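Have a look at the structure below before the remarks.
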2 protein chains.
Amino acid sequence: MAAQKKSKDADSPVLWERLERPAAAPRASLTPQKIAAVAVRVADAEGFAAVTMRRLATELGVAPMAAYRHVSGKDDLWALMVDQVTAEVAVPDEVTGWRDSLRAYALANRAMMLRHPWLAQLPTPHFVLTPNRMAAAERQLAALDGHGMDTDTMMAAFRAVNAYVHGAAQSEVALRQYMEDNGWASGDETRRALAPQMTYLMETGRYPTYRRYALGAGRKDDAAWQFETGLDYVLDGIAVRIDG
Amino acid sequence: MAAQKKSKDADSPVLWERLERPAAAPRASLTPQKIAAVAVRVADAEGFAAVTMRRLATELGVAPMAAYRHVSGKDDLWALMVDQVTAEVAVPDEVTGWRDSLRAYALANRAMMLRHPWLAQLPTPHFVLTPNRMAAAERQLAALDGHGMDTDTMMAAFRAVNAYVHGAAQSEVALRQYMEDNGWASGDETRRALAPQMTYLMETGRYPTYRRYALGAGRKDDAAWQFETGLDYVLDGIAVRIDG
DNA sequence: ATTGGGATGCGTACAACGTACACGTCGCTG
DNA sequence: CAGCGACGTGTACGTTGTACGCATCCCAAT
């Protein structure tokens, strides 16, 4: 039953093939960082779904399986991608005071997430214990220190800001993506497209307060204002524990 | 060129096969709701990854492609799943006052997300305009109404709570999953496992404030306290605009 | 100089997935 | 009872993640 072994050894019939080989590949061309960098570039440009191991391989000019020597799989890759973009979030040293510091951190974080929308679609926030994250935490905890909060409370404050920022940025990204997927370029256009469903819902009479918002609000498309307003709530709430 | 048509008609050689057929399938056994319900059950029990079209089919006792008559694909399915669990978040009518109302909403939402951890891993929050979501929004906006905020501000407050809840619950789920994936059952066990990395980081001397937290904090494992403390920040921040 | 071994990249291969498409089969309505 | 639309089935294709063994290279010790 044993079929003859595939013979592609030395003097095989297709010897000439061997002359076509890349001959002497430059070694150590791959590193986890390079792979992650390419992955981030692809994700930024074409979305999360475009990041496949094969795609990265071709992008790196390398065989499909090559990357597996450096990352154990997609999970690893995601963690590296997250770590890389996390490094982009920095608060300048000039910023002092707990409130300015947290605020700058939040804004930088939002900007980063809007630059890398795929972050919001990662299977699970790979928050792991990375130096970049630790540095951010230390910076903010230090800013909160010395105002009479115990360490638990300080961490809770930092966490609260983080949670808000993450949630708000995520919903912002989701809205943008939803609009893009449907080809709606502006808030007005979106509302026009959604008008039928909306008027149907409104005519049930069950949403009077929402109706007033839909008709009368003026900041419906001002994502930055919405983000900062919400952020101010969080910061004000922290201020109550600190200053008051 | 046309090859002979596949003949599995009436008097085919394998006539007997036909006797094995399910004979008279009860009709209209599938509905989008039933499909979504099964999907939610599978996701709850075995995680997001276990929800495949084929799995749902076998679970429903039906051929792999059957479900596609009722949902256009996975995206549709996800939207239905989200809508279904969204219905679980309800604030009892007895609850009055903007703060109690928002608080109850937030807690119910967190509980729901912990019951359905896969929600945090959905490719993108399918927040769409569903009746369930509209009802929740109306309820909270109404609670916020009559305190001198304009509609933009009211919506910003609701959104802020939503963003915080979503972000906080998501990170809570992520932590749980991370621990589960590594087989760590408690916070202590987790810290023991992570101790090497942690002491390494601490010995760099770059994280003094974090160090104090790691050594001295007492609420590190009290997820509910952390959630509610952060929530109180948000609510306090809103209170500033309302009460004074 | 030789040679061995560990690190790196390649090729093949497989199972599982989403889903397109054409087909049988049912129940209802004329 | 004829036919038509809704429903479930079967087959099939392209894509994905990745296991596994082999080929090749660099470096170090002889």
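All values reported here derive from a predicted model rather than from experimental measurement. Order of the sequence lines sets the chain letters (A, B, ...), proteins ahead of strands, with each chain counted from 1.
One interatomic measurement links the two molecules: CG of A:Leu56 to C1' of C:dC10, which rounds to 17 Å at whole-angstrom precision. Between the CG atom of B:Leu30 and the C1' atom of C:dT25 there is a distance of 16 Å, given to the nearest Å.
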Pairs: protein N or O with nucleotides 18-21 of chain D N or O, under 3.5 Å:
from: D:dT18; atom 1: OP2; to: A:Tyr68; atom 2: OH; distance (Å): 3.1
from: D:dT18; atom 1: OP2; to: A:Lys74; atom 2: N; distance (Å): 3.2
from: D:dT18; atom 1: O4; to: A:Arg54; atom 2: NH2; distance (Å): 3.3

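Taking every heavy atom of both residues into account, A:Leu56 and A:Ala39 meet most closely at CD2-CA, 3.6 Å. Between A:Gly230 and A:Tyr164, the shortest heavy-atom contact is CA-OH, 3.3 Å. Across every non-hydrogen atom of B:Ala87 and B:Asn132, the tightest pair is CB-ND2, 3.5 Å.
OP1 or OP2 of C:dA7 has not a single side-chain nitrogen or oxygen of A:His70 nearer than 4.0 Å.
Listed by first and then second residue, the salt bridge (charged side-chain N to carboxylate O under 4.0 Å, His left out) pairs that reach into residues 65-90 of chain B are B:Glu88-B:Arg115, sequence neighbours excluded.
Between the side chains of B:Asn109 and B:Tyr105, a donor-acceptor pair is found at a separation under 3.5 Å.
For A:Thr52 and B:Ala66, each mapped to the nucleotide of DNA chain D holding its nearest heavy atom, the one lying further toward the 5' end belongs to B:Ala66.
Residues A:Met53 and A:Tyr68 form a side-chain contact, since some pair of their non-hydrogen atoms from C-beta on lies under 4.5 Å apart.
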